[in-house]
Amino acid sequence: MKLYEFAADRARLLYRIPPVPREGRTLELYHSELPLHSKRDSSARPLTLCRIGPHHSGRNLISENDSQSDAQAECHAPLPFPQSSFDLVIVHRTLDELAASQSGSQRRFEPSTLLSHIQAVLAPGGVVAGCVSNRWALKTLVAKFRPLAAQTHGPRLPGRYSLGSIHRFLATAGLSDAQVFTLLPNGASPSKLIDTDSTISRIAFRHELNIARHRRASLGYFARLAMVELGMNRHLEEAYFFWAFKPC
Amino acid sequence: MLSAIEGVLRDLELIEEGVLLRHCISISNGNTISVSSYLDGSRFFQVKVSEIDAFADEYETHLQGWRQFGSVVPKPIGRQIRDGWDVFVAQGVQHKPFIFDPLGREPNSNKIMLALGRYFMTAVEAAEAGDSQKIHKAFLDQLRGHFSNSPLASLVNYWVERGRALGICNLPVIPQHGDFVENNIGGQGDQLIIFDWEDFGKYQIPGLDVCSFCFSVTQDAGTLAQLMTSLEIQSSALGKFVHDACHALGIDLTLFRSLIPLYLLIFLHAKREYSPTVQSRIERCVRQLTSTTQQHCIPSNV
């Protein structure tokens, strides 16, 4: 039995990493497609699934027949749960999806607004955790100059958030003790989390570079080495994983 | 998970309440998670975590390895099951990954290669008393039984018989690391560090670690075939390593060269829980080497 053989299992593992109060009442907010967790997997922690989406031009775009979710919510409004209902709230790529679905609309998606609604339903000491794409990911920046190469890698949600903006929207929402990790290679298929503290990040990426050294051409190696020593990796990889707490 | 790790570190009196740790987390494709938990930029703990009861044996074998090889092995500190997590803590060691230099020009690589020679000499000191014939024969029978229903059965039978004919059962009983590959070797200055001791002592035929090391740095049947059949490769960095390691372990070099495919089959047995990619690579190598052996008509009484 291999617990983490599949990408989805590794993604679910991410949300068992942060310290969560013992009861572990969990809410997953998801937007498109399927939630990361299912009721079948939730034997260890009570799980509530809530589909969240924009309310657009008077039409509710959320299907009334969505059988996955226990509830539905609108991303600009308070969540339909009592205060202090949950110990863990999961937003796995949800912030990216909401931002993408609202881009070009009159009412822009503000992550701090949603997070402040999340904060309200968290118990004191509870955790919100999530995964977002990096606005400044090197792959995205390169793809802008090499559109053909970008096409071969398939569609990807555009990154919306930087390391700084993640800290800001968590703080604006009243959440504290945030921890943010570089997530490798990405949120869909996670394998490594590297703390974005500058010293730790540099140590970890130096090690990654040394492991991969013999697989890189000289020029690529020295370019990567420069990035590592300047501490740039924590700003340039594809995705972040974060969590933060509701103060007690 | 991190609550469990921090709780175990406190119970082991490695950290105090309220200390902020920073973590780097690696999720394998198997059942374990590796966490480097940093107190600061230079001090950290290497923690393995699993949601199943995974580390009882590994802790013991790691401890045995540390007792035998000392500073070459990261010190195992403790193991606990907490909040449903099996947590195994070892000393964190800053190191550079070892990268084998086939041309023998890279000074750090050469230093580590020399240190590996000293490692094998230490390994000989742990040679166990006992009837080596009986122990090795029993293991080879077990190996044959393991592959009896696989497409490799006839190959395994061939090489086990060849090994017996060449006297492999006369070799001393020396506990092997069991996963002695380039990825598990590192350097801290001139100091050799070897990781992943979970399979230590499970295999006792000397030469297995030498062969698995060669396989990991070449991944290529051609180079291994040359090791088996060519004299020219003996002057290369890899050839010298094999010569020095066999000398340190008391293995006849010709015997080792002749039985590389058998060692690879033992390594394949050790890797039976690993990814199919690794297994198929080893299998392909064994088939190609067997074909090479038969082409060169290497006699069984070399």
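The sequence lines fix the lettering, A, B, ..., with proteins before strands; numbering per chain opens at 1.
By a heavy-atom distance cut of under 4.5 Å, Asp195(A), Asp197(A), Thr199(A), Ile200(A), Ile203(A), Ala204(A), His207(A) are the residues of residues 195-207 of chain A near chain B, going up by number. Within residues 163-182 of chain A, the residues that have a heavy atom under 4.5 Å from a heavy atom of chain B are Gln179(A), Phe181(A), listed by number.
Looking only at side-chain heavy atoms (C-beta outward), Leu3(A) and Glu51(B) come within less than 4.5 Å of each other. In this structure, the side chains of Asn29(B) and Arg10(A) come closer than 4.5 Å at one or more pairs of heavy atoms.
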Could you list the donor-acceptor pairs under 3.5 angstrom formed between side-chain atoms of residues 94-102 of chain B and any protein atom two or more places apart in sequence or on another chain?
residue	atom	partner	partner atom	Å
Gln94(B)	NE2	Gly41(B)	O	3.0
His95(B)	ND1	Val93(B)	O	3.0
Asp101(B)	OD1	Leu103(B)	N	3.1
Asp101(B)	OD2	Gly104(B)	N	3.3
Asp101(B)	OD2	Arg105(B)	N	2.5
Asp101(B)	OD2	Glu106(B)	N	2.6

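Counting heavy atoms of neighbouring residues, nucleotides and ligands inside a 6.0 Å radius, atom CD of Gln191(B) exceeds 12 of them. Within a 6.0 Å sphere centred on NZ of Lys271(B), heavy atoms belonging to other residues, nucleotides or ligands number more than 12. Heavy-atom contacts from other residues, nucleotides or ligands closer than 6.0 Å to CZ of Arg281(B) number more than 12.
Contact of Leu13(A) with chain B is made through the side chain alone, with heavy-atom distances under 4.5 Å. There is no contact between Asn183(B) and chain A, counting heavy-atom distances below 4.5 Å.
Residue with the most contacts toward chain A among Asn31(B), Ile52(B), Leu2(B), Asp40(B): Asn31(B) (heavy-atom pairs, distance under 4.5 Å). If you tally non-hydrogen atom pairs under 4.5 Å between each of Ser34(B), Gly30(B), Gly186(B) and chain A, the highest count goes to Gly30(B). Chain B forms more heavy-atom pairs under 4.5 Å with one residue of Ser191(A), Pro18(A), Ala7(A), Pro190(A) than with any other, namely Ser191(A).
Judged as a side-chain contact (heavy atoms from CB on, under 4.5 Å), and not counting sequence neighbours, the contacts of Ser28(B) are Thr32(B).
Taking all atoms of both residues into account, the shortest heavy-atom contact from Ile33(B) to Tyr4(A) is CD1-OH, 3.6 Å.
Put simply, CD1 on Ile25(B) and CD1 on Ile194(A) are 10.5 Å apart, with the number rounded to the nearest 0.5 Å.
The pair Glu273(B)-Lys2(A) fails the salt-bridge criterion, with no side-chain N (NZ, NE, NH1 or NH2) lying under 4.0 Å from an Asp/Glu carboxylate O.
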